[in-house]
Amino acid sequence: QILFNKEGRPVVNYLLQYGDVAEGAWYTEAIRWATSRGIVGGYGNGMFGPNDNITREQLAVMLWRYAGSPAATERELHFADAYKASDWAAEALRWAVEKGVLNGKGGGILDPGGEATRAETAQMLKNFLENK
């Protein structure tokens with residue numbers, strides 16, 4: 001929703017095929033826009049999960065895709081729990097860490113699959129917008 005607002009809430013003619021995204025909900029047009037741009041893709045089973053909590057790696061992937069899916073220079077994540085990163089999020093996580101969008105949680109932990117708190121989400125968005 002924040003990126004959609006940042007883009008000026010563009011009108012997009014794109015058929016949403018998520019069974020759990022209600023027409024006319026406050027978030028519907030943002031999901032339509034983000035899906036049409038390839039920023040989000042749902043769970044791949046016709047579901048989007050608009051009421052689900054977002055993970056740190058999911059948010060990193062959204063910001064990475066919004067940025068144009070740039071390649072990361074660093075080929076490894078130097079965190080004790082890097083092995084917990086999903087394969088589909090690895091490049092986005094490397095980019096997000098390299099660009100300072102995503103930081104560890106202390107103790108050498110990245111927590112890629114952990115729920116992004118409101119504070120973490122706000123910080124990641126701030127870091128992204130400042131370091132774009």
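Treat the numbers as computed from the prediction; the structure is a model and nothing was measured.
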Chi angles and distances behind the side chain to side chain contact (heavy atoms under 4.5 Å, CB included) call for F79, V97: CA-CA 10 Å; F79 294 91; V97 169; 4.0 Å; yes
Salt bridge (Lys or Arg N to Asp or Glu O under 4.0 Å) evaluation trace for R94 with E76: CA-CA 7 Å; R94 288 190 296 267; E76 290 184 43; over 6 Å; no
Test log, rule salt bridge (Lys or Arg N to Asp or Glu O under 4.0 Å), inputs E91 and R75: CA-CA 8 Å; E91 182 71 12; R75 299 312 313 157; 3.0 Å; yes
Worked verdict on K84 versus E57 for salt bridge (Lys or Arg N to Asp or Glu O under 4.0 Å): CA-CA 10 Å; K84 293 182 178 179; E57 67 184 3; over 6 Å; no
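The shortest heavy-atom contact between V12 and R32 is O-CD, 3.1 Å. Closest approach of N131 and G100 over heavy atoms only: ND2-O, 4.1 Å. The minimum heavy-atom distance linking A67 with W95 is given by the pair CB-CZ2, 3.8 Å. Looking at every heavy atom in both residues, D20 comes nearest to G49 through OD2-N, 2.7 Å. In terms of heavy-atom proximity, F128 sits nearest to L63 at CE1-O, 3.7 Å.
A donor-acceptor distance shorter than 3.5 angstrom exists from the side chain of W64 to the backbone of P70, with no hydrogens or angles considered. A donor-acceptor pair under 3.5 Å is formed between the side chain of E120 and the backbone N or O of T117. Checking side-chain atoms of Q58 against main-chain N and O of T55 turns up a donor-acceptor pair under 3.5 Å. Without hydrogens or angle criteria, R56 side chain to L102 main chain gives no donor-acceptor distance under 3.5 Å.
Side-chain contact check for E98 and T73: at least one donor-acceptor pair (N or O, by modelled atom type) lies under 3.5 Å.
Put simply, L16 and M47 are part of two different groups of oily side chains (I, L, V, M, F, W, Y) that touch within less than 4.5 Å, one to the next. Note on L129 and M124: same hydrophobic cluster, where clusters join Ile, Leu, Val, Met, Phe, Trp and Tyr whose side-chain heavy atoms are under 4.5 Å apart, directly or indirectly. Linking Ile, Leu, Val, Met, Phe, Trp and Tyr residues whenever their side-chain heavy atoms come within less than 4.5 Å places Y66 and Y14 in a single cluster. Neither Y83 nor V61 shares a network with the other; the hydrophobic side chains, linked directly or stepwise wherever heavy atoms of I, L, V, M, F, W or Y lie under 4.5 Å apart, form separate groups for each. One hydrophobic cluster, built from ILVMFWY side chains closer than 4.5 Å, cannot hold both V40 and V11; they sit in different ones.
For I2, the CD1 atom counts as loosely surrounded, since its 6.0 Å shell holds 12 or fewer non-hydrogen atoms of other residues, nucleotides or ligands.
Annotation: side chain of I39 is in contact with side chain of W33 (closest heavy-atom distance under 4.5 Å). Counting heavy atoms from C-beta on, the side chains of Q1 and L3 never come closer than 4.5 Å.
Interatomic distance, CG of N127 versus CG of N103, reported as 6.0 Å (0.5 Å rounding). Here L110 contributes atom CG and H78 contributes atom NE2; the two are 12.0 Å apart, rounded to the nearest 0.5 Å. Distance check: K105 NZ to D81 CG gives 9.5 Å after rounding to the nearest 0.5 Å. Here the straight-line distance linking atom CD of E115 with atom CG of L59 works out to 12.0 Å at 0.5 Å rounding.
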